[in-house]
Each structure stands twice: as structure tokens, then as C-alpha cells.
Peer 1: 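A single structure is presented below for examination.
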Amino acid sequence: MKIAIGLSGGVDSSVAAYLLKKQGHELVAMFMQNWHDTTGTLHGDCPWKDDLAIAELVAKKLDIPFHYVDLSADYSKKVVDYMFSEYEQGRTPNPDVMCNREIKFDAFLKAAVDLGVDYVATGHYCRKGEAQRDGKTYYQLLAGVDGNKDQSYFLCQLSQEQLAKALFPIGDLLKPEVRRIAHEQGLPTADKKDSQGICFVGKIDLPVFLQQKLAAKEGNIVEIKSGIYEKLAKPESNDLEGLSTPYRYYPNNGKKVGTHNGAHFYTIGQRKGIGVGGHIEPLFVIATDIATNTVYVGEGHDHPGLNRKGLFIKSTEIHWVRPDRAMMVGEERSYLVRVRYRQALQEAKLYMREEGLYIIFEELQRGITAGQFAAWYDGEELLGSGVIAR
RNA sequence: UGACCUAUGGUGUAAUGGUAGCACAACAGAUUUUGGUUCUGUUUGUCUAGGUUCGAAUCCUGGUAGGUCAA
């Protein structure tokens, strides 16, 4: 079997490469470069140069041919433009989910197939399974065995076609085991720190990064006291619509407590960067309004505006990794759901309706944010996902 | 205009005349392949000019600023 391994210059993909090599597969290593710019980058002069050099060392060490592909045009268009566009519209995108769907398992996968490979392997902490249904084989996206590092969430937008070509060699290892193997094999990445931030772009100061394209614009920060909710209480707060719709605020619902330099630089649940003190408990962003350029904040973790019972996904933005298990309109099912990476799975009930999917949680959820992805699981299998509309 | 009250880090507040503390904010580090969260640590202050006292945020006097009541 001929396999391409995407080497990032990190320890996970290095060990993945080693494992495939040991299994006797014909391997080619590929390093993809997706970003050159370092504007807004925090620790970075040129992190990708180091990564490239290290990836090359790993390939040499394992004695596998090394290829370099530049996908920065695709990345810029499919990931970075999407990012700016979402922020501009007041939503909070998830660039890494998009990067996996559009780059690693699309542009990159195609480049690998052009080299004549059967599969593309990555260093993701997740597993691929197979299920039979009506005489057909379906690929399953399963959580990584290491519950602490499970990255299935970032792959929640993959299709059957993409999954068919994918391999995840380290999915049933724990991170410490991966480190140990790297040490035993003397891989140059053995002690390399795990990467953080937007993959390929790196750890950035987001407002600085965004200000490359989005203009700063001064506006008001308005504090909403938890007392007003009794008056705002929605009449039909127990139907799907009510449970999955956030409160709508107006500047006169609260008091101006400060100014910000652009509502689109803030996201719900955010604590740092509000710059308003003098409270007993920290302030969190509970809503932003691009139209009036207002950031609404509330005091304390338990503020009623910060925690919600449900969310809504438009029908056009529902994605089933397992199309054979898609819900019919009118159907209701109980699944485990997460709305961000590394969040513990939450019990929830899904209601499929004509207009879209309603997800109502057992417990209140903090910081549900439009533009982020909700992913639902049946046990350890990720069945589907979608963009949170509200 | 008269009477009274208040003045402490960037903000909100503590401190029987005896080492100015806490919270929030800010900053830094840790955690984290999104945004964000969380954890740890650090910086910064007694409105001003005098006086009493061994010693003043604290007591006294003037100034300045803000507030309340009266007109």
C-alpha cells in the first residue's frame, strides 16, 4: 500500500510516519506550506522554516522520500478569507475545522493522490472505523483513545470520500506513548513542544491579525445586569425556538461601562481584553452587535446571558459524516454533543425540523457562539456537525 | 450663596494613630492545533499645602475636586 504522510514538523506526525514505516508500507512524506506571512504572529520569526527543516530531518531519519507542496493560495482563499469574512459579519469562525476540510483532506489529499498514493495519513488523535449498513460500507470517524487529546472535533466536517482516503496511525495511542516512541526511535521531534494556535498561522494576537483587513471602530461596552432577565423572560421559553434563541439586547437595556475598538474583535464568553474593572466578579462578553457596534457584557460565570440551553443549525449547514444515519425531518434523537474542542461531551436532544436542526442540552452551556461548530457523537463516533447559526 | 459629607493603584473598595490589603482590570507564564475558557505569578495607590505626634490614609487648619440638603 502506498501512503503519503503529512509531516508537520511535530512529534505526532513523525511518530505516525514511523508506525506506518514499521508496518512495511511504501511511504512518501509531504510537508505542506500554507502561510508565509508573520503579521500578528506572537513568538515567531519564521516558525515554518524550522518546521520544514525538522520534517525533512524526520523523513531522512526514517529513510522516506520527502516532498514539499505549497498550498498557500488555497489556504488563503479557503481558510483565511473565510476567517475574515466571518469575523466581519460578527461571527466567530473555526479556521482549523475549515483547514481540515478544505486543505489537509482536500487540496493536500489531491496533491498526494497525484503522487500515486492510495491513502493519506496524518498525526491526528482520532480513529477510523467501518460500519456495514444495507450492504454498504461506511467509514466512521471515531474519537482518539487519548480522551485528553482527541481531535475528532476538528475533523467534524469530513465526508465519506475524504475519510475513505484517510489514515490516523496514532489514534489509538496516548500522547505519552507517542512521546516515548519518538524518544526510543530518536526522532528529532521527540521533545518538540506541541503546536498551538491556528495551524499553519500559529499563535497570533487575534485583534492585531484581524486589523490587517478589518478596520478598528470605537464603540460602547454595555453591561447587562442579571436582574433585567425577569422582565425579558420570553413567553414561550420552553419551545425549541425559544430555547435555542439567544437574548437580544439593546444599548438601553444596560449601562455603558467602557469603550472597545470594534465589536467584531470580540467573541461570546470572552473575558480578557474588555478592559473594564471595578467589579467583584469578572466580566464576560455575552453578546456583540455589529449593527450598533456594541459589546454587551455580564458579570460572573453564572450570568444568565452567558449560559444557554440550546442552539440552532440551518438545514443547509448540517453535515453528516455518516449520511446513512442522517435524521429525517420530524425526527428526534438523543446524542452527545460538544461545541468546542476539548469540551466534555454533553447530553443533548436533537430535533430535526424543516428549517434546520435544534439541539437542546440537558445542562446549560456556556458561551454558545454563532459561527462555531457543534458536533454530535453516538458514543465515540462522530456522526455529524454543523455551523451554529444562533 | 449657606450647611453638611466625601477624597486610598486604571476601576470598585478595606485598614482600634503603628508594615496600606482584597476584588476587577492590565501584564507575564502554564494549559489548549479555532475563538475562547481555566490555572499560576507580577506591576501599580493614601488629592494638595501645612500642622499635632516617636509614628498620620486615619487627628487639626487652609486649598482643590466631587456629592447631598437648604435658598
Side-chain angles (χ1 to χ4, degrees), chain A residues 6 8-13 32 34-35 40 42-43 47-48 51 75 79-80 82-84 86-87 89-104 122-126 144 146-157 170 175 192-207 209-210 214 221 223 255-260 263-286 288 297-301 306-307 338-344 365-375 385 387-388:
Chain A
S8 67
V11 66
D12 298 330
S13 57
M32 69 187 108
N34 293 328
W35 196 244
L42 286 185
H43 318 285
W48 66 269
D51 290 339
Y75 190 82
V79 180
V80 180
Y82 146 81
M83 226 177 117
F84 281 120
E86 287 288 290
Y87 274 113
Q89 295 170 64
R91 288 194 295 265
T92 305
N94 191 323
D96 284 358
V97 167
M98 211 48 80
C99 173
N100 282 309
R101 186 180 90 185
E102 301 291 334
I103 307 298
K104 289 180 194 159
T122 64
H124 284 108
Y125 285 88
C126 66
D146 189 335
N148 191 41
K149 295 295 292 186
D150 169 37
Q151 289 170 322
S152 56
Y153 174 78
F154 283 120
L155 304 180
C156 67
Q157 286 277 298
I170 62 164
K175 183 82 192 194
K192 192 150 178 270
K193 196 170 159 3
D194 287 4
S195 67
Q196 293 173 8
I198 304 167
C199 59
F200 301 114
V201 176
K203 201 74 185 163
I204 52 169
D205 183 324
L206 197 68
F209 184 79
L210 291 176
L214 305 181
I221 299 176
E223 178 179 0
K255 197 179 92 198
K256 176 184 169 180
V257 290
T259 59
H260 59 78
H264 44 260
F265 299 134
Y266 292 81
T267 191
I268 292 171
Q270 177 174 346
R271 167 178 177 175
K272 290 293 172 182
I274 296 171
V276 176
H279 292 71
I280 301 298
E281 289 196 80
L283 293 178
F284 294 92
V285 174
I286 59 173
T288 61
V297 298
E299 181 174 2
H301 297 82
L306 193 56
N307 301 287
R338 65 163 53 103
V339 295
R340 62 174 62 83
Y341 177 54
R342 283 174 61 82
Q343 180 193 23
Q365 299 296 315
R366 198 160 91 183
I368 290 176
T369 308
Q372 292 281 291
F373 288 82
S385 65
V387 182
I388 298 170

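Throughout, a chain's letter reflects where its sequence line sits, starting with A, and its residues are numbered from 1. Values below: all heavy atoms of this structure, side chains included; hydrogens, waters and symmetry mates excluded.
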Peer 1: Taking B:A20 as the reference, what is the distance to B:G29 when you measure between their C1' atoms (whole Å, please)?
Peer 2: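 Going atom to atom, C1' in each nucleotide, I get 28 Å.
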Peer 1: Mind checking the P distance from B:U1 to B:U58? Whole angstroms is fine.
Peer 2: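 Straight-line distance between the two P atoms is 29 Å.
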Peer 1: Which of the following nucleotides, B:G35, B:A26, B:U38, is nearest to the side chain of A:Arg366?
Peer 2: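 Out of B:G35, B:A26, B:U38, the nucleotide with an atom closest to A:Arg366's side chain is B:U38.
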Peer 1: The side chain of A:Ile198 lies closest to which of these nucleotides: B:U34, B:C24, B:U31?
Peer 2: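 For A:Ile198, the side-chain atoms sit closest to B:U34.
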Peer 1: Please report, rounded to the nearest Å, how far the P atom of B:G35 is from the CZ atom of A:Phe154.
Peer 2: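 Spelled out: CZ on A:Phe154 to P on B:G35 is 8 Å.
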Peer 1: When all nucleic acid strands are considered with a 4.0 Å heavy-atom cut-off, which category describes A:Gln343: base, sugar-phosphate, or nothing?
Peer 2: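 It contacts nothing in the nucleic acid.
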Peer 1: Taking atom C1' in both B:G21 and B:G45, compute the distance separating them and give it to the nearest angstrom.
Peer 2: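 It works out to 12 Å between them.
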Peer 1: Looking only at side-chain N and O atoms, does A:Lys272 come under 4.0 Å of OP1 or OP2 in B:U38?
Peer 2: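 So the side chain of A:Lys272 is outside the cut-off, no N or O lying under 4.0 Å from OP1 or OP2 of B:U38.
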Peer 1: Please give, in whole Å, the distance from B:U38 C1' to A:His301 NE2?
Peer 2: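 These atoms are roughly 8 Å apart.
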Peer 1: Send over the distance from A:Ile274 CD1 to B:U37 P, rounded to a whole Å.
Peer 2: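 After rounding, the reported distance stands at 8 Å.
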Peer 1: B:U13 C1' sits how many Å from A:Glu281 CD, rounded?
Peer 2: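 Nearest whole value for this atom pair: 16 Å.
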Peer 1: Under 4.0 Å between any heavy atoms, over every strand shown, what does A:Ser8 touch: base, sugar-phosphate, or nothing? Just pick one.
Peer 2: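 Nothing, no nucleic acid heavy atom in range.
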Peer 1: Measure from the side chain of A:Tyr341, starting at C-beta and using heavy atoms only, and say which of B:A23, B:U33, B:C24 lies closest.
Peer 2: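 Ranking B:A23, B:U33, B:C24 by closest atom to the A:Tyr341 side chain puts B:U33 first.
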Peer 1: Nearest of B:U33, B:U34, B:C27 to any side-chain atom of A:Tyr153?
Peer 2: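 Selected nucleotide: B:U34.
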Peer 1: B:A23, B:U38, B:U34: which one has an atom nearest the side-chain heavy atoms of A:Phe284?
Peer 2: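 Selected nucleotide (nearest to the side chain): B:U38.
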Peer 1: Are A:Tyr341 and A:Phe373 an aromatic pair by the rule of ring centers under 6.0 Å?
Peer 2: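 No, ring centres 6.0 Å or more apart.
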Peer 1: Do A:Lys149 and A:Asp194 meet the salt-bridge criterion of a basic N to acidic O distance under 4.0 Å?
Peer 2: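 Yes, this pair counts.
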Peer 1: For A:Arg342 and A:Asn148, indicate whether the former's side chain and the latter's backbone hold a donor-acceptor pair under 3.5 Å.
Peer 2: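 Side chain of A:Arg342 to backbone of A:Asn148, a donor-acceptor pair under 3.5 Å: yes, one is there.
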Peer 1: When the C1' atoms of B:U52 and B:A71 are compared, how many Å lie between them, rounded to an integer?
Peer 2: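 Between the two C1' atoms, the distance is 38 Å.
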Peer 1: Nearest 0.5 Å, please: how far is OH in A:Tyr153 from CD in A:Gln343?
Peer 2: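 One gets 8.5 Å once the value is rounded to the nearest 0.5 Å.
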Peer 1: Answer with base, sugar-phosphate or nothing: what part of the nucleic acid does A:Gly123 contact at a heavy-atom distance below 4.0 Å?
Peer 2: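 Answer is nothing: A:Gly123 stays at 4.0 Å or more from every strand.
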Peer 1: If only side-chain N and O atoms of A:Arg271 are considered, is one of them under 4.0 Å from the OP1 or OP2 phosphate oxygen of B:U38?
Peer 2: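 Answer yes for this pair, as a side-chain N or O of A:Arg271 is under 4.0 Å from OP1 or OP2.
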Peer 1: Any donor-acceptor pair under 3.5 Å between the side chain of A:Thr369 and the base of B:G35?
Peer 2: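 Yes.
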Peer 1: If the C1' atom of B:C22 is compared with that of B:U44, how far apart are they to the nearest Å?
Peer 2: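 It comes out at 15 Å once rounded to the nearest Å.
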Peer 1: Specify the separation, in whole Å, of atom CZ of A:Phe209 and atom P of B:U34.
Peer 2: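 About 14 Å, once rounded to whole Å.
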Peer 1: Do A:Arg340 and B:G35 have a side chain to base donor-acceptor pair shorter than 3.5 Å?
Peer 2: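 Side chain to base: pair present.
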Peer 1: I need the CG-P distance between A:Asn148 and B:U38, as an integer number of Å.
Peer 2: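 So the two atoms are 18 Å apart, to the nearest Å.
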Peer 1: Can you give me the closest heavy-atom contact between A:Gly300 and A:Leu306, atom names plus distance?
Peer 2: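 Result for this residue pair: O-CD2, 3.9 Å.
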Peer 1: In whole Å, what separates the P atom of B:G35 from that of B:A30?
Peer 2: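 Taking atom P in both B:G35 and B:A30, they lie 16 Å apart.
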Peer 1: Salt-bridge test for A:Lys255 and A:Glu223: reply yes if a basic N is under 4.0 Å from a carboxylate O, no otherwise.
Peer 2: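 Judged by the 4.0 Å cut-off on N to carboxylate O distance, A:Lys255 and A:Glu223 do not form a salt bridge.
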Peer 1: Can you check the A:Ile280 CD1 to B:U13 P distance for me, whole Å?
Peer 2: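 Between P of B:U13 and CD1 of A:Ile280: 9 Å.
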Peer 1: How would you label the contact of A:Lys193 with the nucleic acid (heavy atoms, under 4.0 Å): base, sugar-phosphate, or nothing?
Peer 2: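 Sugar-phosphate, backbone atoms only, no base.
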Peer 1: When you look for runs of 3 or more Watson-Crick or G-U pairs in a row, both distances below 3.5 Å, which of them include RNA chain B?
Peer 2: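 Stem list for RNA chain B: B:1-7 with B:64-70, B:10-13 with B:21-24, B:26-30 with B:38-42, B:47-51 with B:59-63.
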Peer 1: Tell me whether the rings of A:Phe209 and A:Trp35 are parallel (<30°), tilted (30 to 60°) or perpendicular (>60°).
Peer 2: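 A:Phe209 and A:Trp35: tilted rings.
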Peer 1: Say whether, by atom type as modelled, one donor and one acceptor occur between the side chain of A:Ser13 and the main chain of A:Ser8 under 3.5 angstrom.
Peer 2: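 Yes, A:Ser13 side chain to A:Ser8 backbone: donor-acceptor pair under 3.5 Å.
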Peer 1: Do the ring centers of A:His124 and A:Phe154 come within less than 6.0 Å of each other?
Peer 2: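 No, the ring centres sit 6.0 Å or more apart.
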Peer 1: Counting side-chain heavy atoms from C-beta on, which of B:U33, B:G36, B:G35 comes nearest to A:Gln372?
Peer 2: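 That would be B:G35.
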Peer 1: Rounded to the nearest Å, what distance is computed from the CD atom of residue A:Gln157 to the P atom of nucleotide B:U33?
Peer 2: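 Atom CD in A:Gln157 sits about 20 Å away from atom P in B:U33.
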Peer 1: Rounded to whole angstrom, note down the C1' distance from B:G17 over to B:C60.
Peer 2: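 Looking at atom C1' only, B:G17 and B:C60 are 14 Å apart.
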Peer 1: Rounding to the closest angstrom, what is the interatomic distance between B:U13 and B:A7 at atom C1'?
Peer 2: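 Going atom to atom, C1' in each nucleotide, I get 13 Å.
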Peer 1: For A:Val276, answer base if it contacts any base atom (sugar-phosphate contacts may also be present), sugar-phosphate if it contacts only those atoms, and nothing otherwise; contact means non-hydrogen atoms under 4.0 Å.
Peer 2: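 Sugar-phosphate contact only - A:Val276 comes under 4.0 Å of backbone atoms but never of a base.
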